[in-house]
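In what follows, every heavy atom counts, from backbone to side chain, and hydrogens, waters and symmetry copies are set aside. Every chain is numbered from 1, with letters handed out A, B, ... down the list of sequences.
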Protein chains: 2
Amino acid sequence: MLDVEKNYAGSRRDEIIDVATEMFLEHGFAGTSMAKLAEAIGIKKASFYHHFASKDDLFAACVPHGYGDALSRVQDVIASKGDPETKLRQAIDILYDTTISSPVGRMSHLIAEVSRTFPGVARAFHEGYVAKQRDLISEIVREGVASGTFKQMEERLLMHMLMGPIVTLSLSREMFIQFDDLDSHFPIEVLRDGHKDLLAFILTHVQKDKVDEFR
Amino acid sequence: MLDVEKNYAGSRRDEIIDVATEMFLEHGFAGTSMAKLAEAIGIKKASFYHHFASKDDLFAACVPHGYGDALSRVQDVIASKGDPETKLRQAIDILYDTTISSPVGRMSHLIAEVSRTFPGVARAFHEGYVAKQRDLISEIVREGVASGTFKQMEERLLMHMLMGPIVTLSLSREMFIQFDDLDSHFPIEVLRDGHKDLLAFILTHVQKDKVDEFR
DNA sequence: GTCTATATCACGATAGAC
DNA sequence: GTCTATCGTGATATAGAC
């Protein structure tokens, strides 16, 4: 069962999306030419236009690639047994993994790159991924609030404190990928575990009006 | 003293940097052509090459544009009178402002865009801005630890929790700039103030070994 | 320092045979 | 579905007069 080459089962379209996603991440949208892309796949670039109408069209197809997996992994956590804090910690582990290591999370700066000339992609990304992931996290926290484990917290502030550090860590690692000491500047495990502990502490101990006391 | 047009005092180079920075932010690196840039400045594109050797060269000159101001504003806070928590809150206000509203903070996804083909820019950005801003924040927190106001906290985790939400907020606002309800999805003041309160709470109450209790 | 004019080239996309 | 061949465009950059 050791297939180094993926088996695309006759679906050249899927193969193109896989290869293109990698190349977009590696070289950016403008930096990925149809010629180099075709070469990487092993077809002539004219053949490509049989599968996609344009380069924009291809990019729009690459962005949702991986949504499903990233969302269903968090859904699995929700469906599992366990107390809310354990579920939240598991969800955060998944978010670190998908945001830093899988295409769907690493696409952020590409979407920002094309958002001005190609606004539909950003909207699709928000509706198809960002909003859904937010709803899943909120569900876990609501469960915790209902059971008395967590204090109430404004949804947008929760996402700000939860996704903020993760997305920035992913962006930083893309931006400074050339650093040979990248892992010592931006260590995934250390930051992830510290982040989890602090979030759990906040959610279990800080009440909205209690925070204001310390102003 | 009402000059709508800036006075560049004979320095066309500075004028080019100002206009180019705006255009890079608006249209991305690849999306900004020398022709359109020249047109916006009011010269022919050939004339541009008298001031910069290449487009890369120009971009490299645009990135540090604004470092000084963003850093010196935090330095002013450090030099001012006030308790560490007040200073930290003031510094965070400045970081929200500069990261979201000024070019130096909004450049992140552009630097990520060009980092593969143009690695020098990312390194310069890290040394010239990221590391220095980190040192300034650390100085404030160290002051607080010395005076007993703050608990000790690992520097990288501190920056993860402090800069992470801010940078992601800035990136999100760039990415979803087309949304007409952008401010209700990503409200600056609400998130900033909540973030400040939570960070202050963490720094004044959470001890490293105390966090571990809640695992 | 700015101009006109141009070199050179890579890009996205298309036409039409097989 | 893939190919060869090519179109048209717009890009960075240069040459050389003023």
Side-chain angles (χ1 to χ4, degrees), chain A residues 5-63 110-111 113-121, chain B residues 5-63 110-111 113-121:
Chain A
E5 297 290 326
K6 285 189 190 172
N7 179 5
Y8 287 98
S11 174
R12 176 129 281 173
R13 195 187 149 91
D14 290 349
E15 183 184 2
I16 293 174
I17 289 177
D18 270 13
V19 176
T21 302
E22 260 179 67
M23 292 195 71
F24 282 140
L25 284 171
E26 186 69 31
H27 305 110
F29 179 75
T32 299
S33 75
M34 304 308 279
K36 277 183 275 186
L37 176 58
E39 195 190 13
I41 297 164
I43 58 173
K44 298 294 167 184
K45 65 174 177 174
S47 306
F48 161 89
Y49 287 91
H50 178 77
H51 303 279
F52 296 90
S54 67
K55 189 184 180 181
D56 286 359
D57 195 47
L58 168 64
F59 185 74
C62 287
V63 174
L110 289 178
I111 298 169
E113 180 187 344
V114 304
S115 64
R116 312 297 170 107
T117 48
F118 199 11
V121 169
Chain B
E5 297 290 328
K6 285 188 190 173
N7 179 8
Y8 287 98
S11 174
R12 177 129 276 172
R13 194 185 150 93
D14 290 349
E15 182 183 3
I16 294 175
I17 289 177
D18 269 13
V19 176
T21 301
E22 261 179 67
M23 291 194 71
F24 282 139
L25 285 170
E26 186 69 20
H27 304 110
F29 178 77
T32 299
S33 75
M34 304 309 279
K36 278 183 275 184
L37 177 58
E39 195 189 13
I41 297 167
I43 58 173
K44 297 295 167 182
K45 62 177 175 173
S47 308
F48 162 89
Y49 287 92
H50 177 77
H51 303 278
F52 296 91
S54 69
K55 189 182 180 182
D56 285 359
D57 195 45
L58 168 64
F59 185 74
C62 289
V63 174
L110 288 178
I111 298 170
E113 179 187 346
V114 304
S115 65
R116 312 298 169 106
T117 48
F118 199 11
V121 170

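B/Ala60 approaches B/Phe118 most closely through the heavy-atom pair CB-CZ, 4.0 Å. Looking at every heavy atom in both residues, A/Gly28 comes nearest to A/Glu113 through CA-OE1, 4.1 Å. The heavy-atom pair separating A/Phe59 from A/Ile111 by the smallest distance is CZ-N, 4.5 Å.
Residues from residues 40-53 of chain A that place a heavy atom under 4.0 Å from any atom of DNA chain D, listed by number: A/Ile43, A/Lys44, A/Ala46, A/Ser47, A/His50, A/His51.
Between A/Ile41 and A/Phe48 the shortest side-chain heavy-atom distance does not fall below 4.5 Å.
Nucleotides of DNA chain D with any atom under 4.0 Å from a heavy atom of chain B span, from 5' to 3', D/dA11 to D/dA15.
In this structure, the side chain of A/Lys55 engages the main chain of A/Thr32 through a donor-acceptor pair within 3.5 Å.
A/Met34 places its CE atom 11 Å from the P atom of C/dT14, with the value rounded to the nearest Å.
Under 4.0 Å is where a charged nitrogen must lie from a carboxylate oxygen, and between B/Arg12 and B/Glu15 at least one such pair does.
For B/Glu26, the CD atom is densely surrounded, since the number of other residues' heavy atoms within 6.0 Å is greater than 12.
Atom CG of A/Leu37 and atom CD1 of A/Ile43 lie 7.5 Å apart (nearest 0.5 Å).
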